[in-house]
Amino acid sequence: MTTGHENRTGADSLRFENEVKHGKYLASTEAEHQWGWGTPAGQERLKRRAELIAGASALGRGMHVLEVGCGTGLFTERFAASECRLTAVDLSPDLLEKAKVRVKQRENVSFELRPFEECREIGPFDAVVGSSVLHHLDLDRSLRIMLGLLKSGGRLAFAEPNHLNPQVFAERKFRRFFPYVSPDETAFYRRKITLDLEKAGFENIHVTPFDWLHPSTPSRLIPFVSRLGCLFEKVPLLREFSGSLLIQASKP
C-alpha cells in the first residue's frame, strides 16, 4: 500500500517539518494557554466547540472515528466521552505524549504518531473530525484523502478559524507578533471552503459561522457575552465575522 509519506512532495515535507517544530515549541510552553483554552472563557469555548463537532459528526457508540491533529488531547477526551472507538493522530511526538497522559484512562482511544494521510490501513472511518487543524494542511489534497478514508455516508466535521474575523485576519497578516501561529497555517472563508468541499466530492455541506466569546472575557461577563454572541450568530452579515466556522459534510 502506498503511504502519504511516500507521496509527500517537497512542499509537504517542509510543511511537515514546520509543524513538528512548531509542536515542539508549543509543548515546551503551556499550549492550552497559547491557544486560549486555559482561561474560564476558553473553557466555555472548548466545551461548546467540542459539542458542536460531536453533534455535526453524530459521534456515538459503535462508530470508528479519526481525530486529525489531536494535539494535547483537549478535544480527544471530549470526543471519547461519546463512547466511539477513537483513533487520534498527530505529527508532533511532543504534543502526542501530553495527549496520552491526559486521556490515559480511556480504553476506547488509541493514539498514532503519523500523518492522517497514512491512516488508510486502519480505516475506513464513520467520521473524521478535528479542531483547528484543516488550516494547517494542503486543503484540496487533504479533503480528497479524507473522502477516501470515510465509509459511504460517513461524516466530516471540523471547527476552523474564520478569515473574516478581525483577530484571525491580524494573526495571519502579522504572524510574527503571534508565536502560537505556525508558519504555514491559514484560515477559511465560508463560501470558498464550501466550494472546496463540493469539488472534493462531499455532499450535505454546511459551513456555519460561530464563536464570539473571546478567551480573555472576564468570568463575570461570560454569560452575557455568550448570549450576545449567540444573537450575533443569527444576524445576517454580522455573523460572517464570527471567530470560527463549523464545517460539516458527508461522503455520498
Side-chain angles (χ1 to χ4, degrees), residues 31-32 35 37-38 40 42-93 95-134 136-137 142-143 145-160 197 202-208 210-211 213 226 230 244-252:
E32 287 80 4
W35 291 322
W37 302 121
Q43 287 292 301
E44 287 296 318
R45 294 179 68 239
L46 170 64
K47 178 183 177 183
R48 186 185 183 209
R49 177 178 283 225
E51 289 173 349
L52 287 172
I53 296 170
S57 52
L59 298 190
R61 181 179 297 181
M63 295 178 66
H64 187 194
V65 179
L66 176 66
E67 181 189 4
V68 181
C70 66
T72 61
L74 273 172
F75 287 87
T76 309
E77 61 180 346
R78 293 177 179 271
F79 296 152
S82 69
E83 300 186 1
C84 67
R85 179 162 61 98
L86 183 63
T87 300
V89 302
D90 203 282
L91 300 176
S92 168
L95 295 178
L96 202 62
E97 284 304 310
K98 290 179 177 290
K100 290 177 180 178
V101 172
R102 183 188 298 277
V103 195
K104 62 183 178 181
Q105 303 299 327
R106 287 283 184 182
E107 296 183 356
N108 59 321
V109 179
S110 62
F111 291 99
E112 298 279 350
L113 178 62
R114 64 167 82 191
F116 82 92
E117 296 96 329
E118 297 177 13
C119 290
R120 289 185 177 90
E121 70 271 21
I122 56 176
F125 300 93
D126 297 289
V128 176
V129 301
S131 173
S132 296
V133 63
L134 285 181
H136 289 274
L137 306 174
S142 297
L143 289 179
I145 293 172
M146 289 177 188
L147 189 74
L149 290 169
L150 285 167
K151 298 176 182 177
S152 179
R155 301 190 184 194
L156 173 147
F158 286 84
E160 299 291 332
L197 286 160
F202 286 93
E203 63 180 18
N204 301 318
I205 300 165
H206 300 280
V207 182
T208 308
F210 77 100
D211 196 6
L213 181 64
S226 295
C230 288
S244 304
L245 299 173
L246 177 63
I247 299 165
Q248 54 186 314
S250 62
K251 180 175 179 175

Salt-bridge contact Glu97-Lys100 (side-chain N to carboxylate O under 4.0 Å): yes

When rounded to the nearest 0.5 Å, the distance separating CG of Leu197 from CD1 of Ile247 is 7.0 Å

Rounded distance [0.5 Å steps], CG in Leu46 versus CG in Leu213: 11.5 Å

Does some side-chain heavy atom of Leu91 sit less than 4.5 Å from a side-chain heavy atom of Pro115? yes

Contacts of type salt bridge (charged side-chain N to carboxylate O under 4.0 Å, His left out), residue Glu83, not counting sequence neighbours: Arg61

Do Arg78 and Lys47 have side chains that approach each other closer than 4.5 Å (heavy atoms only, starting at C-beta)? yes

Who pairs with Arg106 by salt bridge (charged side-chain N to carboxylate O under 4.0 Å, His left out), at least two apart in sequence or on another chain? none

Keeping the roles fixed (side chain from Asp126, backbone from Val65), state whether a donor-acceptor pair exists under 3.5 Å. no

With respect to Cys70, which candidate in Leu96, Val109, Leu86 satisfies the side-chain contact (heavy atoms from CB on, under 4.5 Å) definition? Leu96

Could you tell me the separation between the OG atom of Ser244 and the CZ atom of Arg48, rounded to the nearest 0.5 Å? 9.5 Å

Minimal non-hydrogen separation, Cys119 against Arg114, with atom names: SG-CD, 3.7 Å

Could you tell me which non-hydrogen atom of Val128 sits nearest to which non-hydrogen atom of Phe158, and how far apart they are? O-CE1, 3.8 Å

Closest heavy-atom pair and its distance - Phe75, Arg49: CZ-CD, 3.4 Å

Shortest non-hydrogen pair, Ser142 vs Leu137, comes out as OG-CB, 3.3 Å

Donor-acceptor contact present, side-chain Arg102 to main-chain Thr72, <3.5 Å: yes

Gap between atom CG of Leu149 and atom CZ of Phe125 - 0.5 Å precision: 6.0 Å

Can you tell me how far CG of Asp90 sits from CG of Leu113, rounded to the nearest 0.5 angstrom? 8.0 Å

For the residue pair Ile205 and Ala249, what are the closest heavy atoms and their distance? CG1-CB, 3.9 Å

Is it true that a side-chain atom of Gln43 and a backbone atom of Trp37 form a donor plus acceptor pair closer than 3.5 Å? yes

Has Lys251 got a side-chain atom pairing as donor or acceptor with Gly154's backbone, closer than 3.5 angstrom? no

Listed by chain and number, what are the side-chain contact (heavy atoms from CB on, under 4.5 Å) partners of Glu203, not counting sequence neighbours? Ser250, Pro252

Quick one: does Phe116's side chain get under 4.5 Å of Val133's, heavy atoms only? no

Atom NZ of Lys151 with >12 non-hydrogen neighbours under 6.0 angstrom: yes

In short, Met63 meets Ser57 closest at the heavy-atom pair CE-O, 3.6 Å

Considering only heavy atoms from C-beta outward, does the side chain of Val129 approach that of Phe79 to under 4.5 Å? yes

If you round to the nearest 0.5 Å, how far is CG of Asn204 from CZ of Arg155? 8.5 Å

